[in-house]
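Take a look at the structure set out below.
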There are 2 protein chains.
Amino acid sequence: MATDDDKKFMKLAFEEAQKGYDEGGIPIGSVLVDSAGKILGRGHNLRIQNGSPTLHAEIAALENAGRLSATVYRASTLYTTLSPCSMCTGAILLYRIPRVVMGENRTFKGDEELLARNGVAVVNLDDEGCYELMQRFVKERPGDWGEDIGEETSSLP
Amino acid sequence: MATDDDKKFMKLAFEEAQKGYDEGGIPIGSVLVDSAGKILGRGHNLRIQNGSPTLHAEIAALENAGRLSATVYRASTLYTTLSPCSMCTGAILLYRIPRVVMGENRTFKGDEELLARNGVAVVNLDDEGCYELMQRFVKERPGDWGEDIGEETSSLP
């Protein structure tokens with residue numbers, strides 16, 4: 001179930017995504033928030049900007065949060081503008097983050113079933129802004145998008 | 001099935017692990033190798049050195065390899081001195097790396113079943129050197145080890 005806070009933090013995740021787009025990157029953003037509503041970390045996909053195959057938005061937000069105790073992770077919520085891929089799903093499971101709120105999963109559907117099977121609460125806001133920004137990007141740069149999700153449509157040699 | 005090349009590349013992964021230990025870090029190392037036996041990337045866990053919650057050895061090796069096409073990933077082998085956690089398992093699945101060779105899984109057993117269910121060939125060398133180095137570390141610094149795998153035994157507040 002989505003709350004008013006969910007909309008507020010998704011707006012921040014979207015701002016990260018927009019920042020990524022404006023930098024010429026892949027427009028996916030993420031925010032990690034603790035149980036009191038304090039932002040622990042935020043970030044956006046840095047594949048293009050840093051030449052990074054692992055800094056997906058969720059990983060960037062976790063990295064930006066720095067080292068945290070298991071207790072903090074286990075009471076946090078991860079916001080992401082797009083359904084998390086296998087790697088980001090695995091990071092959520094590693095740290096037992098109990099709740100994931102995504103902007104949309106129409107552009108790409110990650111391992112939501114694996115999250116749910118492991119007891120993670122998964123909320124999809126089906127946000128039109130997140131969807132439109134990703135759709136614009138995928139149309140403009142299908143090769144970079146394919147690369148980001150390990151597809152053969154990658155524009156790399 | 002393990003090959004002579006597997007032993008050779010595991011030796012390099014172990015060198016990375018030892019380097020991590022010598023730096024005061026968590027002694028896990030990893031090497032990504034292409035189908036012709038060329039090293040694409042190598043790295044070790046950087047939690048302590050970089051204050052990084054996401055640079056597990058496998059992620060560090062992928063990051064060090066830089067941006068690669070799906071075709072390259074899909075013909076590569078990932079060597080790691082320890083059974084890959086959920087996050088690293090997810091990264092392997094994202095890029096459809098078809099083969100994972102681990103040093104051991106007695107200290108920690110990750111998501112090997114998930115890898116196997118997704119068609120990844122999983123080889124365990126049960127290497128005594130990898131096992132002994134990890135055992136030494138876990139005994140010396142159980143808090144840092146707990147933190148690395150998201151356990152409550154973390155020494156962080």
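Just so you know, these numbers come straight off a predicted model, no measurement behind them. Numbered from 1 within each chain, the chains take letters A, B, ... in sequence-line order.
- Aromatic ring pairs are classed by plane angle as parallel below 30°, tilted from 30° to 60° and perpendicular above 60°; the pair A/Trp145 and A/Phe108 is perpendicular.
- Note on A/Ala65, A/Cys85, A/Gly90: by heavy-atom pairs under 4.5 Å with chain B, the leading option is A/Gly90.
- With 3.5 Å as the limit, one finds a donor-acceptor pair spanning the side chains of A/Glu152 and B/Thr71.
- Contacts of B/Thr89 with chain A are absent, with no heavy-atom separation under 4.5 Å from either backbone or side chain.
- When each of A/Gly66, A/Gly150, A/Pro53 is scored by its heavy-atom pairs under 4.5 Å with chain B, the top score falls to A/Pro53.
- With salt bridges taken as basic N to acidic carboxylate O contacts below 4.0 Å, none links A/Lys7 and A/Asp127.
- The aromatic rings of B/Phe9 and B/Tyr79 sit tilted, their planes meeting at an angle between 30° and 60°.
- Between the side chains of B/Ser52 and A/Glu63, at least one donor-acceptor pair of N or O atoms lies under 3.5 Å.
- Ranked by heavy-atom pairs under 4.5 Å with chain B, the first of A/Ala91, A/Gly110, A/Cys88 is A/Ala91.
- Contact of A/Asn118 with chain B is not made at all, since no heavy-atom distance falls under 4.5 Å.
- Residue B/Ile48 touches chain A through both its backbone and its side chain, counting heavy-atom pairs closer than 4.5 Å.
- Taking both residues in full, the closest heavy atoms of B/Asn64 and B/Gly41 are given as OD1-CA, 3.3 Å, listed atom of the first, atom of the second, then distance.
- Neither the backbone nor the side chain of B/Ile92 comes within less than 4.5 Å of any heavy atom of chain A.
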